[in-house]
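Here's the structure, in structure tokens; my notes come after.
Residue numbers start from 1 in every chain, and the chains themselves are labelled A, B, ... in the order their sequence lines are given, proteins ahead of strands.
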Amino acid sequence: MSYAVMTSNSRRRFLQTIGAAGAVGTAALAGCFGVDDDEDDVEVGDEVPELQFVFPTSGSNPDRNELGGFISENLEELGFEVDRQELDFDPQIQQATVDLDFGLNLSGWGGTPERIDPGIFLYDMHHSSTTGEGGRNGAGYENPDYDEIAEAIMAETDQEARRELVMEAQEWLAMDQSRCYIANEGGVHPYNAERLESVNPGLGEGLNGFWNFMEAEPADDVDQVTFGYSSDIFSLNPMQDLTTPDRQFIRLLYDPLYRFDEGGIPTPWLAVDEPDVSDDGTTFTVEIREGHTFHDGEEVTTEDVKFSYELFAEYSPTYATYLSGVEDIETDGNEIIFQLEEPDATFASNALGQIYVFPMHIWEDIDDPVNEDDEDYIGSGPFQFDDWEREVEMQLSRFDDHFEPPNIERLIRVPGDEDALVDNIESYEIDMLGVNPTTTQIDRLEDDENIGMAQFDAVGHAFMNYNMRRDHYKDVQLRRAISHCVPKTEFVEEIRGGQGSVTHSPIAPAIEEWHNPDVDEFDGDLDAARETLEDAGYVWDSDGRIHYPPDWDDDDVQMFLSVDG
Amino acid sequence: MSHDTTTEGTDTASEGADTISRRRLRWERRLAALRNWAGILKADRLGQIGIAILAFFLFVGIFARPITVEFGSAWFQIQPFSLAPHESSARVADESLAPPSREHPLGTTSLGRDVYSQVIIGTRVTLIVGTIAAFMAVFIGANVGIISAYYGGWTEDILMRITDVVYGVPFLPFAIALVFILGASLVNVIAAIVLILWRGTARVVRSQVLSHKQRPYVESARAIGASDFRIMYVQIMPNVLPLITLYAAFAVAWAVIAEASLSFLGLGPPGMISWGEIIYDARSAGALREAWWWVFPAGVCIMLFVMSVFFIGRSLEKVVNPDLRHTQ
Amino acid sequence: MGLREYVIRRVFQLILTLWTLVTLLFILFRMVPGDPTSRFVMDYPSDAERQARIEELGLNEPLYIQYIEYMGQLLQGEFGDSAHYRQPVSEIIFPLFLNTIVLMFTALIIAYTVGILFGAAMGWFRGSRFERVGIIATLVARASPEFWIGIILVWIFVFQLGLFPRSGIGGYGGELTMNFVDRYINFDFLRHLILPALTGAIVYLATPALLMRNTMLEVLKADFVEIKQAEGLPERTVLYKHAARNSILPLVTVAAIATGAAMGGSVIIETVFNWPGVGREMVASVSRNDYPVAMAAFLLMGTSVIVMNFVADILYLYLDPRVKYE
């Protein structure tokens with residue numbers, strides 16, 4: 001056996017991987033033993049601490065799990081120590097979002113038409129007020145100058161001025177890299193093209209979109225359409241905590257005053273026309289249509305509307321905030337008047353577009369709306385509730401008396417494992433699927449003439465948060481360097497088989513009005529990463545491990561690039 | 001059920017002999033059981049096959065990838081060979097999800113990984129978990145059995161009640177809950193298995209020891225003032241050893257299936273590929289329908305490994321229960 | 001001590017075991033990091049709302065108080081309300097439990113019927129090639145993990161032959177009834193039942209098969225066979241009678257234990273076949289921190305196991321006159 005000395009880096013990696021009970025090794029070597037050579041030791045300070053990297057298990061999100069692996073490899077090659085923690089969906093939320101116990105957190109944010117307003121992406125997720133436990137500013141980004149911009153975005157009513165602020169905000173975020181935006185995971189949902197002549201996938205939601213259920217056209221002889229999704233509905237009661245599928249079906253059973261159209265603009269639904277806003281912006285008057293009834297035949301009146309808004313304001317954990325500025329609600333015949341304390345530009349989209357009208361004659365008798373609900377789920381929406389067995393199926397049917405009845409006569413919602421659901425589509429047992437198949441499955445499905453693939457863009461995105469509450473992540477150059485280690489194109493092209501698109505900004509390219517394409521870009525460039533680190537003063541020891549220089553001072557660290565220009 | 005009782009007479013007779021030959025006799029006794037088993041194996045074709053398969057897996061496991069130990073700044077490769085041509089997570093293939101070919105005898109995964117390498121490397125987790133979990137479980141179980149049977153009274157009551165409770169805990173749900181609480185890691189998976197698996201050995205060893213407790217050789221050992229510890233572990237234990245070994249064999253089988261099940265559910269040790277995890281990956285990728293080369297081999301390996309352990313177990317059963325000797 | 005005292009003593013032990021199990025589970029699940037509100041954390045407008053919800057669920061009271069409340073509830077036969085579904089747990093669990101029982105029972109019935117016949121045949125044809133192959137086949141079945149067998153069956157019968165549905169308990173759009181006969185006695189359900197039940201059956205049949213074979217061999221060796229033959233009775237009748245009598249005891253006890261074990265082992269089959277049962281629900285609720293549901297699911301499975309073990313003990317006593325009641 002020959003004596004050989006490996007290069008520092010490859011040996012480091014080799015030994016690292018050997019450490020784990022010898023279960024994984026690197027490529028076979030020619031040599032069999034060796035000694036470290038300590039010559040030419042560069043002057044080094046402390047080691048840069050281990051990076052605690054939280055990302056999903058392959059069962060909960062295979063694509064992001066792979067990406068996590070790639071990122072880790074890149075980081076290790078650069079000389080970092082990475083502590084990989086693969087977690088399932090709920091534990092990841094608990095640990096990273098609630099406990100804030102992470103260094104790097106690879107996660108994602110879903111997108112729905114209601115979440116198109118840039119305020120959500122720019123304010124909610126990066127303003128310093130939401131850095132607490134469970135808050136949306138998971139990175140802990142606290143930049144007072146940025147806060148000003150974000151606040152201005154929320155208050156500004158002039159579209160042009162607002163747009164400029166939105167562009168600037170994106171520039172800043174890209175410079176500061178408190179969160180590395182990776183990709184918009186657009187997708188494709190399969191459906192049975194024999195039984196469904198057309199479908200209407202929605203932005204960010206695909207076949208889960210409201211307009212799909214309304215407009216999907218079954219073939220002539222098809223009166224029952226089955227729709228599969230990867231989890232069952234928890235609750236159809238907005239007074240309780242709601243998951244995404246819950247919301248998607250509540251909006252089928254109940255009507256709001258305005259609905260988001262496919263472009264994300266609230267348009268009149270139960271309302272007859274746009275709301276009449278007073279000059280000072282504090283009074284909103286809405287006229288509702290006449291003659292519309294609930295599923296049980298009772299007429300929908302403004303009394304019901306007023307009752308519903310008050311019900312939501314009092315009990316609903318998610319929707320109550322939208323109504324916090326409402327001082328008073330009055331009804332006058334077919335008109336309902338909302339009196340706000342202060343002008344609120346978002347009232348139309350947040351409140352009027354999302355609060356559902358509930359039948360007063362049923363709900364006024366319910367003592368505890370949070371824990372009890374109407375088991376028949378009587379609403380006035382385009383679909384009415386028939387029956388439901390948990391984990392088995394939910395049955396809805398068309399409400400023929402609706403002013404805009406859907407094309408589907410009977411809708412069956414089937415929860416199940418993604419693996420089994422895709423098999424069901426392939427064997428034509430299910431008509432539509434609201435989940436993305438894997439790349440392997442997509443390849444198979446595309447070959448089947450009877451199966452259509454509904455493409456859609458995403459509004460949400462995959463991202464990686466840096467925990468800026470920890471000292472070593474406070475250095476903006478370190479964050480930028482790590483961002484250089486994220487192979488975004490590889491993620492989209494190879495891991496996701498081309499589904500989706502790379503992004504460097506929280507606002508998706510699909511939202512043309514608000515998206516800024518000219519921001520700093522980071523995409524799997526290890527040389528750029530190394531350069532960034534070198535310029536910032538980091539040094540490597542003879543093992544290839546990255547260190548601070550001996551004269552490093554934590555107080556001198558630059559946290560933001562944006563403010564100092 | 002009759003067991004190896006030929007040893008007792010020897011012990012009583014050796015009373016008067018000096019220490020050295022008594023010790024030698026004890027060793028003789030233990031070796032006798034081993035020789036017994038060897039003899040049985042000569043006639044037991046299935047047992048031979050079992051040992052052959054197991055030896056094969058052991059070989060594969062050891063030589064799957066190089067093993068290196070580090071002393072300070074020096075490193076030494078104690079096992080330089082690598083049966084697996086690639087790292088389990090290396091994306092090496094030109095074509096992903098490809099059926100077996102010359103380059104990739106078991107094809108590739110949906111991300112272009114070599115299935116053949118994964119299956120070879122996966123042997124290690126099976127061996128590690130199988131042996132460690134089984135032996136720990138049997139160690140605990142045997143001790144619980146001996147101690148409770150020997151001391152009786154409150155000790156026995158408490159230990160047996162605990163055993164009863166553990167018997168009432170359904171294995172897989174418990175392991176799942178434990179892994180959720182403690183997180184998925186090699187240690188936790190082994191712990192989850194051990195915490196349940198010991199119960200079988202405990203009961204069986206206890207009933208064995210109970211029957212031995214009354215025998216003359218134990219009473220005479222007591223009479224000459226031997227300590228409890230001596231009696232339990234030096235006198236009784238060796239007689240129970242064949243039974244314990246038998247249960248150890250079955251414990252290995254159950255531990256391997258348990259680990260495979262947990263890995264299949266995605267709860268296996270992360271970072272280490274195991275056979276159950278290979279199937280889990282195939283399922284997560286939605287490749288069950290078409291990539292038989294990805295799914296099939298790992299399952300066959302699990303089946304072969306456990307089967308070989310069963311075969312060995314059956315031959316051990318004949319040591320313990322001579323009546324079975326003449327059956328096939 | 002007589003039979004009655006023994007049974008009473010065993011019942012008492014049963015209760016003690018159950019109580020210990022409940023306590024163990026209680027502590028175990030409270031140790032899972034997080035709580036039922038965790039997955040909604042980003043939807044709460046502020047932490048105050050989330051804390052209010054946690055308080056409403058009674059989760060910020062000291063552990064021993066929660067425990068006492070839970071035990072009190074349990075003794076009244078109440079499992080509490082699900083933290084996520086906001087419905088009584090019993091309403092949610094009951095249909096799932098029923099699904100699991102139907103599945104497992106079918107699997108066991110097939111396993112024991114086939115297993116006993118197969119085992120007897122192996123014993124009868126001792127020394128033959130059939131027997132040798134039979135033993136290997138039995139051990140192969142026993143050595144294969146449940147998910148593996150499930151996947152193979154799906155591959156053959158669903159993907160390749162297209163004979164059976166892939167998952168679930170029935171076609172879609174039918175009437176959702178809780179009436180036992182309407183639910184389970186129909187062709188559609190049976191089509192969905194076959195593969196998962198077969199999966200379980202293949203794994204479970206090894207024990208009765210080997211047991212029956214051993215009994216057969218013992219009986220064949222026994223002397224009285226020749227005596228009876230001398231009396232003019234055909235060998236087969238003698239064998240059947242004695243084989244049956246000798247095998248009842250071990251078979252029944254093993255069956256009882258297997259029933260209990262099957263309850264716990266249903267998780268895998270339910271996962272592979274997307275069967276809406278209590279095993280799968282248990283995994284899901286543990287991952288979501290829905291304690292009441294997780295506890296109830298686990299309790300149901302654990303209690304089944306314990307009760308069936310108890311039944312096995314009692315049956316053993318009852319059937320085996322040689323055993324002393326110690």
Heavy-atom neighbours of A:Phe70 CZ exceed 12 at 6.0 Å: yes
Within 6.0 Å of CZ in B:Phe296, more than 12 heavy atoms from elsewhere: no
N-O pairing of A:Asp419 and B:Arg289 below 4.0 Å: no
Heavy atoms from other residues, nucleotides or ligands near CZ of B:Phe264 exceed 12 (cutoff 6.0 Å): yes
Per-residue contact mode, A:Glu418 against chain B (heavy atom under 4.5 angstrom): neither
Positive for side chain to side chain contact (heavy atoms under 4.5 Å, CB included) with A:Thr440, one of B:Ser284, B:Ser96, B:Ser110: B:Ser110
Residue pair A:Arg444 / B:Ala287: nearest heavy atoms and the distance that separates them: NH1-CA, 4.3 Å
Choice from A:Asp88, A:Asp443, A:Asp417 maximising heavy atom contacts with chain B below 4.5 Å: A:Asp417
Side chain, backbone, both or neither of B:Leu288 within contact of chain A (heavy atoms, under 4.5 Å): side chain
Heavy-atom closest contact (B:Leu111 atom, A:Ile495 atom, distance): CD2-CA, 4.5 Å
Within 6.0 angstrom of B:Met136 CE, more than 12 heavy atoms from elsewhere: no
Between A:Thr57, A:Val422, A:Thr439, A:Asp423, the one whose heavy-atom pairs under 4.5 Å with chain B are most numerous: A:Asp423
Heavy atoms of other groups near B:Tyr116 OH, more than 12 under 6.0 Å: no
B:Phe56 atom CZ, neighbour heavy-atom count above 12 within 6.0 Å: no
